[in-house]
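Taking it in order: structure first as structure tokens, then the write-up.
Just so it is clear: chains get the letters A, B, ... in the order the sequence lines come, proteins before strands, and each one is counted from 1.
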Amino acid sequence: MSATGSSNPEYVNARVSARRATLFDEEDYRKLLRMSPDEISRYMEESTYQGPINRLGSRFAGVDLIEYALNAGLAETFDELLAWADGRLYEQVARYLRKFDAWNVKTAVRGVYADTDAESIEDDVIRAGELDDDLLDRLVDAESIDAIVDLLEGTLFGEPLAAAYEVYEESGTLVALENAIDRAYYENLFEGVTTAGAGADSAYAEFLQAEIDFRNARNALRLARSGADIDPAEYFIEGGTLFTPEELSALSRNRDQLVERIRESRYGDELTGALDELTEADSLIGFEHALEGALLEHARNAAHAHPMSICPVIAFVLAKEREADNIRAIARGTQAGLDPEEIRAEMVVR
Amino acid sequence: MFDIAPQVASLALQEGTSSGPAITSTGMAALAVGLAGLGAGYAERGIGSAAVGAVAEDEGLFVQALILTVLPETILIFALVAMILA
């Protein structure tokens, strides 16, 4: 029986499975790797990106066209997800898709901080999520961070941002603001989801914990590597099971211990290969890709175990994002003249 | 609803005195058909909405979707057999 009492999850999952099947696979990527940017956009025109490519084709060309079409395609797909879903499923999906709100707000804040013009900020905005187009336009056009904080008053990010703004004024670094955005997003995500029991909800909660754990681990490793004198506890996101803030700041100073810690955790099995590579080759990129892959795998397993829940939708959202990242990597890589092998290493295909 | 309790009781007693079952075999068979219909309907609710979703994505799936949707109806055939045998 479905969780919402209606038969909506069945409907959504049938559509999502059909969409999953149309995502690019290994074979498609192999073809794309041998193409020029123009050929890639033509190939995309024959796929699910047909709408965006046709709409944007007259205005842009080459890699730009691919970039815009990917962002527009993501937004289109995720809006459709929201249109299909109903009741409790809608709420959970909407909550999850707020990650694009968080992304957009961060983009706007970073843009203002780095004095980027509105047009280039606009390029990076993904119009999925809850904030409407009007508000996004005003965020993009905002002249100061103060104005952005004001615009977001009353939304999810309003209060945390206002509080963080004071810290920002004192310190002059964006860390506080970005943290506030991330925390507001993840706190909102856990509302109404419990880890108790063995049902679909707890599988979803477990997935969210994995996402947060991975994010914390990645932040800690990046900090440990850069050798910057920043306490990772400041970046810490609540809700994971792997670390506490204190542990994380201690572990980030000693990478071997951190690796050991991850190896012994419940993610150890999935990440063994990547952890070995990390210790041997000292390649953080490989490890980050392995984290992405592990998260995809995690979501897919949850989707298999609980088909009538939000899990398949989340698995699809992740897979779709990866697809966009992969195509972007191929397009950018080809344009920069990298050879296919190098680009292949940048992709996460599962 | 408690007002009718005495009548129901006396009805049951009358049935008892005439030594026949409270529900005849035809009545039971009718009940079987009804419950089977209910079960089929419940099963089709999930399959149907999934089928509509699949057809919305790919119209070529219409025939398969239709077949899968009406599959639970087979239980009604058994119910009809029970009806005939009763």
Side-chain angles (χ1 to χ4, degrees), chain A residues 1-25 46-51 73-74 76-90 92-93 199-200 303-317 319-320 323, chain B residues 1-2 4-5 8 22-86:
Chain A
M1 205 173 85
S2 51
T4 61
S6 79
S7 51
N8 183 256
E10 283 90 337
Y11 172 72
V12 174
N13 284 317
R15 296 202 75 156
V16 165
S17 322
R19 285 294 162 94
R20 253 201 95 99
T22 62
L23 290 180
F24 286 174
D25 56 15
E46 280 154 28
S47 74
T48 43
Y49 292 97
Q50 187 187 20
L74 282 184
E76 209 169 76
T77 313
F78 297 148
D79 279 345
E80 276 176 328
L81 285 182
L82 288 175
W84 300 337
D86 219 6
R88 185 171 149 72
L89 187 61
Y90 173 88
Q92 287 185 323
V93 176
H304 279 305
H306 303 282
M308 291 309 138
S309 70
I310 186 181
C311 297
V313 184
I314 299 301
F316 171 70
V317 170
K320 184 81 187 170
E323 183 196 65
Chain B
M1 76 173 268
F2 296 111
I4 58 161
V8 173
I23 304 178
T24 61
S25 56
T26 325
M28 277 310 263
L31 200 62
V33 175
L35 286 175
L38 204 66
Y42 184 76
E44 277 167 29
R45 142 198 181 279
I47 303 172
S49 58
V52 168
V55 173
E57 287 297 322
D58 181 0
E59 280 177 35
L61 291 174
F62 180 75
V63 178
Q64 285 98 317
L66 190 70
I67 291 174
L68 288 176
T69 307
V70 298
L71 266 189
E73 296 285 349
T74 49
I75 199 172
L76 273 176
I77 298 175
F78 294 111
L80 285 176
V81 171
M83 183 88 202
I84 293 162
L85 291 180

B/A54, B/A51, B/A56, B/G48: which one forms the most heavy-atom pairs within less than 4.5 Å of chain A? B/A56
Can you pull the salt bridge (Lys or Arg N to Asp or Glu O under 4.0 Å) pairs that have at least one residue in residues 49-58 of chain B, sequence neighbours excluded? A/R15-B/E57, A/R19-B/E57
Please check this pair: side chain of B/S49 against backbone of A/S7, looking for a donor-acceptor N/O pair closer than 3.5 Å. yes
Neighbour count above 12 (heavy atom, 6.0 Å) for B/L61 CG: yes
What are the two closest heavy atoms between B/A50 and A/A14, and how far apart are they? O-CB, 3.0 Å
According to side-chain contact (heavy atoms from CB on, under 4.5 Å), who are the partners of B/L68, at least two apart in sequence or on a separate chain? B/I47, B/L71
